[in-house]
Chemist: 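The structure that follows is given in the form of structure tokens.
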2 protein chains.
Amino acid sequence: MTASINDVARAAGVSASTVSRALRGRPGVSDEVRSQIAAVAAQLGYTASRSASSLASGRTYTIGVLVPYVGRWFFGTVLDAAEKVFSAAGYDVLLYNLGSAETRKRFFTRLPVRKRVDAVLSLLIPDDAESAALRSLGVPLATTVGGTRPGFTVVGIDDRAGTESAVRHLVNLGHRRIGMISGASGPLHWTTPIERRNAYLDVLADAGIEHDPALEADGDYTVEGGERAMTELLAASRPPTAVFAQSDEMAMGALRALRRHRLKVPEDVSVVGFDDHELADVVGLTTVAQPVAEQGAEAARLLLRQLDDPDAAPPAGQVQMPIRLVLRETTAPPRPRGPQ
Amino acid sequence: MTASINDVARAAGVSASTVSRALRGRPGVSDEVRSQIAAVAAQLGYTASRSASSLASGRTYTIGVLVPYVGRWFFGTVLDAAEKVFSAAGYDVLLYNLGSAETRKRFFTRLPVRKRVDAVLSLLIPDDAESAALRSLGVPLATTVGGTRPGFTVVGIDDRAGTESAVRHLVNLGHRRIGMISGASGPLHWTTPIERRNAYLDVLADAGIEHDPALEADGDYTVEGGERAMTELLAASRPPTAVFAQSDEMAMGALRALRRHRLKVPEDVSVVGFDDHELADVVGLTTVAQPVAEQGAEAARLLLRQLDDPDAAPPAGQVQMPIRLVLRETTAPPRPRGPQ
DNA sequence: CTGTTAGCGCCTTCAT
DNA sequence: ATGAAGGCGCTAACAG
């Protein structure tokens, strides 16, 4: 079997407490003894059992991360960045993939992270009951999605401003029939689609453009959904000359639909996305860039800070990250139209 | 504080042992008492402490998953699928993002998973010393990348066959100057690029095409690398009329480079990728499809099987998953050439 | 600076 | 079918 703390203590001729103190860099051990213990431990290949030390100390040195879809670029990127920050600080990451309603429900009723994590980073937006469940864990909480909520440190972007810059860009190019592909079919507590929609409506109103409900379609935040949504929009009696997609993945789906319909981008239809997906540049997509990895890293850092100093108040409101419109090749003025 | 097993025992008027047995579905508890205990536990919001039960039983119900880059589509997708299988079986996933040499080294020297996991799924290829370190954990091991290695259950694809189908496709279209973008710059124990290269060379030889070293470039498995590599190939005295990229991400980089050089795909240059990335279809990329999520799920299942029945021998050799060439729009016969 | 004494919360014999 | 005792490996007071 693997060596225990007592094996090390015996081999080093000291007590287990001293080994514990020495190995964790706590004061109260002479340098000589400390280095001696370190040598013995290394030689025996000793690593403290996390279970045992968690049980005794109450600290787990692990962070629970809740994700809706690990395979999706946005979440994978946030997770990647957050994990790096956590592991650099000596914390392990327990991953929970809660994409399906069933998995999600089981997670929140059984709450397997109870007594298992020192903090939770949620990349999904908990509803009120779920938030309460998380708060009942009594550990620091953070999220990189959705709006402010009690008990959570939230890192995010200004969805309104991002959307406005995208839609304004289309308006400025001269478009009047501007469609939107949203991702509204998810759970209601997911406010991002709503904020983006409101911003879209506001810009249209501002520009004196009447809103046409036939120019909105749901793309479910997936490539396939985006393709379906674009196909729907094209079937309208007066199809849009430009489309704002609430995510790059949906925008790419839209591009595919347009190509299948033999429509040219941007000559026939302009497309703007949201996120600046790693492949947006490959397809030349104009989009609203947000610092995805940075949001994960920042949320992780804020959580660690609260762990280091439990008295420090978590940042109030939302920590806002910068966004910017990246102009590429999928947007242009509308085709000149005949007399109307 | 949260309820402990003794709180439940007291509230139910039984002993802690009985609560333990009842909640874990072990025999020796009358149905009546069992359901009574379940009710009390639910009412108290009791969940057993994982640390305590691991310590007492030696089982952790946790799987360690090692990943080089969570944000990369391939790994994110494998991880996503594996996590679903594990969590459905009641296991938690501890994620280790070992992209940098430094992180990786620290992981294998400190081995933080020791005494913390019941099994390990590695999505990176451990070298001999690293494999030995993992074996020393004394738990089942599996991987979805690289070749067969002692002590590991390996799920993968036939890289040779996949590459052959891609390169043969180009040969059959009439191409003679076929370039390759590889991902060879990684660590040496990463055999995939080598296998694919050998298969590429074999197909050329078979077709009586002389190999031109100027037609090979390293794309580092990234979009940017693929773009650089393609740019390099185009600078050759006699550039290729077709290119096989060892991954879709590099192929997409190549497409971007070609677009920047105002070359038409497939008219001027044909491109084939490898993976069938979720966005390959969006850009119309011809590619070798492999069941990525399925590989993660299958590896997870095989691990669980070994956990259920420790006596069962792990599958010998490699569990091979099917591949197939997906024809899309980036490949065509070469332009007819003048007399030569 | 170092050792001793108690648990942390649960599971596992062994009794009954 | 149930309860009592012991211990998993470590950390946290408390003594010296």
Chemist: Looking only at side-chain atoms of B:Ser49, point me to the closest of C:dC10, D:dT2, C:dT2.
Modeler: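 When the side chain of B:Ser49 is considered, C:dC10 is the closest of C:dC10, D:dT2, C:dT2.
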
Chemist: My understanding is that only residues two or more places apart in sequence, or in another chain, count here; which of them pass ring pair (Phe, Tyr, Trp, His ring centres under 6.0 Å) with B:Phe108?
Modeler: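 Partners of B:Phe108 under the ring pair (Phe, Tyr, Trp, His ring centres under 6.0 Å) test: none.
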
Chemist: Rounded to whole angstrom units, what separation is found between the CZ atom of A:Arg10 and the P atom of D:dG9?
Modeler: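 Result: 11 Å.
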
Chemist: Any side-chain N or O of A:Ser15 less than 4.0 Å from the OP1 or OP2 oxygen of C:dG3?
Modeler: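 For C:dG3, OP1 or OP2 has a side-chain N or O of A:Ser15 closer than 4.0 Å.
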
Chemist: What residues form a ring pair (Phe, Tyr, Trp, His ring centres under 6.0 Å) with A:Tyr46, not counting sequence neighbours?
Modeler: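 Expected list: none.
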
Chemist: Heavy atoms from C-beta onward define the side chain here; which of C:dC11, D:dG9, D:dA1 lies closest to that of B:Ser53?
Modeler: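 For the B:Ser53 side chain, the nearest candidate turns out to be C:dC11.
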
Chemist: In whole angstrom, what separates B:Asp31's CG from D:dA1's C1'?
Modeler: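 Going from CG in B:Asp31 over to C1' in D:dA1 covers 11 Å.
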
Chemist: Using whole Å, report how far CG of A:Leu55 lies from P of C:dC10.
Modeler: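 Rounded to whole Å, this separation is 9 Å.
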
Chemist: Taking the side chain of B:Ser4 as heavy atoms from C-beta outward, which of C:dC10, D:dC8, D:dC10 is closest to it?
Modeler: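 Taking heavy atoms from C-beta onward, the closest nucleotide is C:dC10.
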
Chemist: Identify each donor-acceptor pair in which a side-chain atom of residues 131-144 of chain A lies under 3.5 Å from a protein atom, sequence neighbours left out, and give them as a table.
Modeler:
residue: A:Ser131; atom: OG; partner: A:Asp127; partner atom: O; Å: 2.9
residue: A:Ser131; atom: OG; partner: A:Arg149; partner atom: NE; Å: 3.3
residue: A:Ser131; atom: OG; partner: A:Arg149; partner atom: NH2; Å: 3.4
residue: A:Arg135; atom: NH1; partner: A:Pro150; partner atom: O; Å: 2.7
residue: A:Ser136; atom: OG; partner: A:Ala133; partner atom: O; Å: 2.6
residue: A:Thr143; atom: OG1; partner: A:Ser122; partner atom: O; Å: 2.8
residue: A:Thr143; atom: OG1; partner: A:Val145; partner atom: N; Å: 3.2
residue: A:Thr143; atom: OG1; partner: A:Val145; partner atom: O; Å: 3.1

Chemist: Between C1' on C:dC1 and CD on A:Glu32, what's the gap in Å once rounded to a whole number?
Modeler: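 Atom-to-atom, A:Glu32 to C:dC1, this comes out as 12 Å.
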
Chemist: Rounded to the nearest 0.5 Å, how far does CD of B:Glu278 lie from CH2 of A:Trp73?
Modeler: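 Interatomic distance, A:Trp73 CH2 to B:Glu278 CD, rounded to 0.5 Å: 11.5 Å.
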
Chemist: Mind listing the N/O atom pairs, protein and nucleotides 12-16 of chain D, below 3.5 Å?
Modeler:
residue: D:dA12; atom: N6; partner: A:Ser17; partner atom: OG; Å: 3.1

Chemist: Drop me the distance from A:Leu123's CG to A:Arg72's CZ, to the nearest 0.5 angstrom.
Modeler: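 Between A:Leu123 CG and A:Arg72 CZ, I get 12.5 Å after rounding to 0.5 Å.
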
Chemist: Could you state the CZ-C1' distance from B:Arg116 to D:dG9, rounded to the nearest angstrom?
Modeler: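 It works out to 14 Å between those atoms.
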
Chemist: By a strict heavy-atom criterion of less than 4.0 Å, which residues belonging to residues 34-48 of chain B are in contact with DNA chain D?
Modeler: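 Result for residues 34-48 of chain B: none.
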
Chemist: Mapping B:Gly13 and B:Ala52 to their closest nucleotides on DNA chain D, which lands nearer the 5' end?
Modeler: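 Whichever sits nearer the 5' end wins; that is B:Gly13.
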
Chemist: Salt bridge (charged side-chain N to carboxylate O under 4.0 Å, His left out) for B:Asp80 and B:Lys84? Distances and angles first, verdict last.
Modeler: CA-CA 6 Å; B:Asp80 187 302; B:Lys84 280 177 180 147; 2.8 Å; yes

Chemist: Please state how far atom CZ in A:Arg114 lies from atom C1' in C:dG9, giving the value in whole angstrom units.
Modeler: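 Answer to the nearest Å: 14 Å.
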
Chemist: Identify which nucleotide among C:dC11, C:dG3, D:dC10 has an atom closest to any side-chain atom of A:Ile5, counting heavy atoms from C-beta outward.
Modeler: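 Closest nucleotide to the A:Ile5 side chain: D:dC10.
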
Chemist: Partners of B:Arg59 by side chain to side chain contact (heavy atoms under 4.5 Å, CB included), sequence neighbours excluded?
Modeler: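 B:Arg59 satisfies side chain to side chain contact (heavy atoms under 4.5 Å, CB included) with B:Ser57, B:Tyr61, B:Tyr91, B:Asp118, B:Leu307 only.
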
Chemist: Considering residues at least two apart in sequence or located in another chain, which fulfil the salt bridge (charged side-chain N to carboxylate O under 4.0 Å, His left out) criterion with A:Arg10?
Modeler: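 Result, salt bridge (charged side-chain N to carboxylate O under 4.0 Å, His left out) vs A:Arg10: A:Asp7.
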
Chemist: Enumerate donor-acceptor pairs with a distance under 3.5 Å from any side-chain N or O in residues 17-24 of chain A to protein atoms, sequence neighbours excluded.
Modeler:
residue: A:Thr18; atom: OG1; partner: A:Ser15; partner atom: OG; Å: 3.2
residue: A:Ser20; atom: OG; partner: A:Arg24; partner atom: NE; Å: 3.3
residue: A:Ser20; atom: OG; partner: A:Arg24; partner atom: NH2; Å: 3.1
residue: A:Arg24; atom: NE; partner: A:Ser20; partner atom: O; Å: 3.3

Chemist: Tell me every residue that passes salt bridge (charged side-chain N to carboxylate O under 4.0 Å, His left out) with B:Asp92, counting only those two or more places apart in sequence or in another chain.
Modeler: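 With neighbours one apart ignored, the set is A:Arg116, B:Arg50.
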
Chemist: Please give, in whole Å, the distance from C:dC8 C1' to A:Arg50 CZ?
Modeler: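 It works out to 17 Å between those atoms.
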
Chemist: For residues 291-298 of chain B, run the donor-acceptor check on the side chains, cut-off 3.5 Å, and write out each pair with its distance to 0.1 Å, sequence neighbours left out.
Modeler:
residue: B:Gln295; atom: NE2; partner: B:Gln290; partner atom: OE1; Å: 2.8
residue: B:Gln295; atom: NE2; partner: B:Pro291; partner atom: O; Å: 3.3
residue: B:Glu298; atom: OE1; partner: B:Arg301; partner atom: NH1; Å: 2.5

Chemist: Going by ring pair (Phe, Tyr, Trp, His ring centres under 6.0 Å), name the residues that satisfy it together with A:Tyr69, two or more places apart in sequence or in a different chain.
Modeler: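 If we apply the ring pair (Phe, Tyr, Trp, His ring centres under 6.0 Å) test to A:Tyr69, skipping adjacent residues, there are no hits.
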
Chemist: Using rotation axes that map the C1' atoms of four end pairs onto the next four (five pairs an end), what angle separates the end axes of the helix from C:dC1-D:dG16 to C:dT16-D:dA1, to 10°?
Modeler: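 End-to-end axis angle for the helix from C:dC1-D:dG16 to C:dT16-D:dA1: 30°, rounded to 10°.
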
